[in-house]
2 protein chains.
Amino acid sequence: MTADDIAPRRTTRQREAVREALGASEEFVSAQSLHQSLRAGGSTVGLATVYRALAALAEDGEADALQSGGEVLYRACTPTHHHHLICRSCGRTVELEAAAVERWAGQVAAEHGFVELEHTVDIFGLCGECAAER
Amino acid sequence: MTADDIAPRRTTRQREAVREALGASEEFVSAQSLHQSLRAGGSTVGLATVYRALAALAEDGEADALQSGGEVLYRACTPTHHHHLICRSCGRTVELEAAAVERWAGQVAAEHGFVELEHTVDIFGLCGECAAER
DNA sequence: CCGAGATTGACAATCGTTCTCAACAAGCCG
DNA sequence: CGGCTTGTTGAGAACGATTGTCAATCTCGG
């Protein structure tokens, strides 16, 4: 990979709309629902464009993506590396930093001779509120 | 959900074939490719059946499932809770136990009032051999 | 051995995502 | 400013993985 030969990215009304809509949500959202929100809000972006915009944002590190139930969910995120604690009922999300886990991952991987690491660490559960509703 | 009212599971030729084929693979495989292997091996299982069998195995804790590139991959696994270190080139997989990570997860989740936890911790990378080929 | 009911398999249906392609617009240069 | 080059858009078709349908079949308890 000759690395950073990032496709020249233009600023368009649609791209901004997606970025904004994504930032407005506290939770992880699917491309589909984001598209609906935008349409509901009067915007006329196409579904394909939303997919493309989200993929671009994720690629640029402006959004986190995670797979859940067969679909990909996105969420605006802080630029630093982190993981998530997600309520599987209401979707509330807490960003986690875990230097210890990073260290552990790097260590065990090294022990097995693995390089160029990448990892996913996501914790799902029920937040206090949702748990109380049971 | 009245919890553990596990659907009465019968032992059938197809189910056994799937279990066996899965156990024969060291790597994570998709339902589709497993189905092809079975057909290639002379078995006549239907694709839908392979999906159902794999879902059942995963539910019973006999197999691990992970999503990758839009499809779900399965792999026979040890019955104890563990995570994976996977070579993204050759698919080689190492099962990891990490009490420390479990503890960490439980702790941060508790700090935020989350309960009924579940988590995914997967490390992807290039194993020594594959890395050497570059 | 029998019968109830779980299981199967071929195929249709669904659902999220990507592709296609002509129309469009952002940034650039003169 | 006006035109040009090229990335971008949108509608719909195409796609691939997965799930549903339903009659035929097979398991297993009795």
Side-chain angles (χ1 to χ4, degrees), chain A residues 4-22 25 27-60 62-75 88 91, chain B residues 2 4-22 25 27-60 62-75 91:
Chain A
D4 50 16
D5 46 346
I6 320 146
R9 206 142 278 169
R10 287 183 185 170
T11 357
T12 67
R13 172 176 59 76
Q14 296 87 335
R15 209 104 78 181
E16 291 307 306
V18 170
R19 194 209 301 280
E20 195 177 324
L22 190 64
S25 169
E27 320 155 13
F28 274 87
V29 291
S30 67
Q32 306 265 359
S33 64
L34 198 66
H35 176 238
Q36 293 188 335
S37 309
L38 286 167
R39 295 298 269 241
S43 181
T44 62
V45 279
L47 178 56
T49 301
V50 174
Y51 273 100
R52 287 185 286 234
L54 286 174
L57 285 172
E59 194 176 319
D60 295 353
E62 291 191 56
D64 271 332
L66 76 79
Q67 303 204 336
S68 167
E71 61 185 357
V72 182
L73 304 181
Y74 293 90
R75 179 168 181 278
R88 79 168 73 86
Chain B
T2 39
D4 50 14
D5 45 347
I6 320 146
R9 205 142 278 168
R10 288 184 181 170
T11 358
T12 67
R13 174 175 59 77
Q14 294 87 336
R15 207 104 80 180
E16 291 307 306
V18 170
R19 193 210 301 281
E20 195 177 325
L22 190 65
S25 169
E27 321 157 12
F28 274 87
V29 292
S30 66
Q32 306 266 359
S33 65
L34 199 67
H35 176 237
Q36 293 188 336
S37 309
L38 287 168
R39 295 299 269 240
S43 181
T44 63
V45 279
L47 179 56
T49 302
V50 174
Y51 273 101
R52 288 183 286 235
L54 286 174
L57 285 172
E59 194 177 318
D60 295 353
E62 291 191 56
D64 272 332
L66 75 79
Q67 304 204 335
S68 167
E71 61 186 356
V72 182
L73 304 180
Y74 294 89
R75 180 168 180 279

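First the proteins, then the strands, lettered A, B, ... as listed; each starts at 1.
- Atom CG of B:L66 is separated from atom P of D:dA17 by 16 Å (rounded to the nearest Å).
- We find that CD of A:Q67 is positioned 19 Å from P of C:dC15, with the value rounded to whole Å.
- Side-chain nitrogen and oxygen atoms of A:Y51 include at least one within less than 4.0 Å of the OP1 or OP2 phosphate oxygen of C:dT17.
- With sequence neighbours excluded, the residues that form a side-chain contact (heavy atoms from CB on, under 4.5 Å) with A:S68 are A:L66, A:L73.
- The interatomic distance linking B:E71 (CD) with C:dT18 (C1') rounds to 15 Å, in whole Å.
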* **Annotated protein contacts, base or backbone, on nucleotides 21-30 of chain C with a non-hydrogen cut-off under 4.0 Å, one of B, S, - each** => ----BBS---
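- With a 4.5 Å cut-off on side-chain heavy atoms, B:L57 and B:Y74 do not count as touching.
- Look at CG on B:L54: it is 13 Å from C1' on D:dA17, rounded to the nearest Å.
- Nearest heavy atom pair, residue B:L22 against residue B:L34, reads N-CD1, 4.1 Å.
- For residues 40-49 of chain A, proximity to DNA chain C is found at A:L47, A:A48, defined as any non-hydrogen atom under 4.0 angstrom from a strand atom.
- Rounded to whole angstrom, the span from the CD atom of A:Q36 across to the P atom of C:dC15 amounts to 12 Å.
- Residue-environment remark: CD (A:E71) exceeds the threshold of 12 foreign heavy atoms within 6.0 Å.
- Take B:F28 and apply the ring pair (Phe, Tyr, Trp, His ring centres under 6.0 Å) test, not counting sequence neighbours, and it matches B:H84.
- The shortest side-chain heavy-atom distance between B:R9 and B:D60 falls under the 4.5 Å cut-off.
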* To do: List the steps and the verdict of side-chain contact (heavy atoms from CB on, under 4.5 Å) for B:T44 and B:R13.
  => CA-CA 10 Å; B:T44 63; B:R13 174 175 59 77; 4.1 Å; yes
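- To the nearest angstrom, C1' of D:dG10 lies 14 Å from CG of A:L38.
- The 12-atom threshold is exceeded at CD of A:E27, counting heavy atoms of other residues, nucleotides or ligands nearer than 6.0 Å.
- Between its two ends, the helix from C:dC1-D:dG30 to C:dG30-D:dC1 turns its axis by 40°, counting five pairs per end and rounding to 10 degrees.
- The nearest whole Å value for the distance from the CD atom in A:Q32 to the C1' atom in C:dT17 is 8 Å.
- Between B:Q14 and C:dG9, a side-chain N or O to OP1/OP2 separation shorter than 4.0 Å is present.
- In this structure, the salt bridge (charged side-chain N to carboxylate O under 4.0 Å, His left out) partners of A:R75, at least two apart in sequence or on a different chain, are A:E95.
- The shortest non-hydrogen separation linking A:L47 to A:A31 is CD1-O, 4.5 Å.
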